Enquirer: 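Submitted below is the structure of interest, expressed as structure tokens.
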Amino acid sequence: MIDLKLAQKQPEFLSTALADRQCDLNVTDFLALDARRRKLLAEVESLKNKLNTASADVARQKREGQSITEAQTRLGELSSTIKELDVQTAEANDAVETWLLRVPNIPHSSVPVGRDETANTEAHRFGIPRAFDFDPKKHGELGGALGGLDFKRAARMTGSRFVVTLGWAAHLERALVNFFLDIHTQNNGYTETGVPYMVNRAAVIGTGQLPKFEEDLFRLRDRDYYLVPTAEVPLTNLHAAEVLDEEYLPLAYCAATPCFRSEAGNAGKDTHGLIRMHQFTKIELVRFAHPDDSMNQLELMCGHASRLLELLGLPYRVITLCTGDMGFSAAKTYDIEVWMPAQRTYREISSCSNCTDFQARRANIRCKPKGGKAVFAHTLNGSGLPVGRALAAILENYQQKDGGVRLPKALVPYMDGMECIEPV
RNA sequence: GGAGGGAUAGCGAAGUUGGCCGUAACGCGCUCGUCUCGAAAACGAGUUACCGGUUAAUAACCGGUACGUGGGUUCAAAUCCCACUCCCUCCGCCA
């Protein structure tokens, strides 16, 4: 959530920022809503002042043994007037709140302005895509042929966009989870965390997926619980409603969880293989930072995520998303894209964002120096990395002419010494 | 699922015959001061957040709201009533 004061005091700035983000909310209309809210508030507050003062008089009169029946009837009317006005004020408050909850974060000044992904800029690049002396296969075909990925049986027991992994593929998923977590906990200082895979509505509002993106989430029928679309939700909400001691910042957490996404708006997009599943496993990184330090923390975290690809020997590039392409809660986002030989293109494998105080304001996460005043902390999140997409990238980049797949050296110890997935 | 207890500031905790009890007793923490070469200890003072008005001001001032959440009763609710959430203890069931 953005700061209400920003809308009140710099409406033109906000309008421009929203336009840059391809968001069509109207700030002028909002200011009218807010003006109405303030007018009602001023009115009802002065009546409440009257009632409070009069009630204190009643208390005094009663103590002195005077009759209070006249005052009671008179104040009864005032009291019910206040009740009616209170209802209107609450409605006006809701209108303001509802609007604010649908406003995306303000882009950071370093973010390129543009309407869609064509305005994204490349920050840097690692590795040289391997030259193949044969036609590289798509990971879905490879994985299927090697007996590791079974989309058909998953579809039978559940539906489309689910997968069953078997044998080496299931082992490789487990290896990747352990490898990623080990690097983050041992080299990068993250605290490994086990979190609920279902969260309540307040948590999902806190990170910004709600109220705007209800259709992307799986919700339980009989409880107000949602399946986590990413561990960003439980990890960021870890410190919801807390005041963090500034000297302990930054705080860094990682968690491997399944992620559940209905992908309602993406029917037919990127349907091949493991790329866009309803359920996938991902290791998520979340950091809580001091406002002055959060942009540095973003660079750091993005480095943590991309380092994994280097360790796996996978070529990638880092893209700075432009204003029109960023997610709702982000002030700045780097996408890391891994080389996918079968499509001869880089595909998103990680998204690292600084959400500044946007989520912190929604989830009420503050930080405070010793003896000082609390301010909203900054929250950051990044994928480090999704297991399915990493597995897909390994299959495609390390495939051999005979249909087998060599394994990256870093994973061999995690695969009980297996160096190669032999063709069947 | 059943029975009982609980939720009050950054933390602990007092307050339930309704009314100067919310800038919320008391304690811890934190800030400032005294003492000290310095520190600790001791002593003294200070320290809720948010919203609205006013304002150049996120200063001062005035007002409002908040005692888990949402309702209700009342001139007036931390206090009485109803529903719900979470935590603790015990019982039952269970991986």
Side-chain angles (χ1 to χ4, degrees), chain A residues 1-10 13 30-101 194-206 220 222-226 234 237-249 251 288 290-292 357 360-377:
Chain A
M1 190 153 67
I2 60 158
D3 188 356
L4 170 61
K5 291 209 165 50
L6 180 80
Q8 291 170 343
K9 294 186 174 169
Q10 301 180 61
F13 173 79
F30 170 71
L31 289 177
L33 280 182
D34 186 49
R36 176 180 151 73
R37 169 189 144 261
R38 285 194 284 183
K39 183 165 170 272
L40 282 166
L41 200 55
E43 205 176 327
V44 75
E45 280 181 359
S46 89
L47 291 183
K48 280 180 180 176
N49 178 235
K50 212 181 266 182
L51 181 65
N52 290 344
T53 324
S55 284
D57 282 344
V58 171
R60 186 179 44 76
Q61 285 164 19
K62 198 178 171 191
R63 259 198 313 277
E64 291 169 358
Q66 300 176 23
S67 162
I68 57 170
T69 46
E70 184 273 335
Q72 276 176 337
T73 43
R74 186 165 42 82
L75 294 180
E77 283 170 36
L78 179 57
S79 182
S80 60
T81 307
I82 288 174
K83 241 165 227 169
E84 285 163 28
L85 263 177
D86 259 341
V87 172
Q88 291 180 46
T89 311
E91 284 167 2
N93 267 325
D94 282 352
V96 167
E97 177 85 359
T98 302
W99 192 87
L100 282 174
L101 282 175
V195 294
Y197 301 158
M198 296 178 211
V199 290
N200 61 33
R201 191 174 169 84
V204 196
I205 289 175
L220 300 202
D222 298 320
R223 278 256 203 173
D224 199 17
Y225 288 173
Y226 295 79
N237 278 283
L238 201 57
H239 290 301
E242 290 182 19
V243 180
L244 305 171
D245 201 332
E246 202 176 277
E247 67 180 298
Y248 296 124
L249 296 179
L251 292 168
F288 297 85
H290 187 274
D292 298 340
D357 62 0
R361 186 171 285 109
R362 291 170 163 245
N364 195 20
I365 304 163
R366 290 168 295 166
C367 64
K368 188 167 93 69
K370 268 219 186 322
K373 205 174 148 69
V375 296
F376 288 115

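Residue numbers start from 1 in every chain, and the chains themselves are labelled A, B, ... in the order their sequence lines are given, proteins ahead of strands. From a predicted model like this one, the values you see are computed outputs, not experimental measurements.
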Enquirer: Side chain of A:A59 only, please: which of B:G52, B:U73, B:G19 is the nearest?
Expert: B:G19
Enquirer: Tell me every residue that passes ring pair (Phe, Tyr, Trp, His ring centres under 6.0 Å) with A:H290, counting only those two or more places apart in sequence or in another chain.
Expert: none
Enquirer: Under 4.0 Å from OP1 or OP2 of B:A49: is there any side-chain N or O of A:R366 that close?
Expert: no
Enquirer: Considering only the C1' atoms, how many Å lie between B:C87 and B:A24, rounded to the nearest integer?
Expert: 23 Å
Enquirer: Taking only the C1' atom of each, what is the distance from B:A77 to B:C90 in whole angstrom?
Expert: 33 Å
Enquirer: Could you give the distance separating B:G72 and B:A9 at their P atoms, to the nearest angstrom?
Expert: 24 Å
Enquirer: For A:F30, what residues pass the ring pair (Phe, Tyr, Trp, His ring centres under 6.0 Å) criterion, not counting sequence neighbours?
Expert: A:W99
Enquirer: Just N and O in the side chain of A:K373: are any of them under 4.0 Å from OP1 or OP2 of B:G10?
Expert: no
Enquirer: When you measure from the side-chain N and O atoms of A:N52 to the phosphate of B:G64, is any distance below 4.0 Å, counting only OP1 and OP2?
Expert: yes
Enquirer: A:D3: which residues meet the side chain to side chain donor-acceptor pair (under 3.5 Å) condition with it, sequence neighbours left out?
Expert: none
Enquirer: Tell me which nucleotide among B:C86, B:G19, B:C75 gets nearest to the side chain of A:Y225.
Expert: B:C86
Enquirer: Tell me, which of residues 43-51 of chain A have any heavy atom that sits under 4.0 Å from an atom in RNA chain B?
Expert: A:E45, A:K48, A:N49, A:L51
Enquirer: Tabulate atom names and distances for all N/O pairs under 3.5 angstrom spanning the protein and nucleotides 30-32 of chain B.
Expert:
residue : atom : partner : partner atom : Å
B:C30   : O2'  : A:G371  : N            : 3.0

Enquirer: When the P atoms of B:U65 and B:C20 are considered, how many whole Å apart are they?
Expert: 14 Å
Enquirer: Can you run down the side chain to side chain donor-acceptor pair (under 3.5 Å) pairs that involve residues 73-90 of chain A, sequence neighbours left out, and say none if there aren't any?
Expert: A:K48-A:D86, A:E70-A:R74
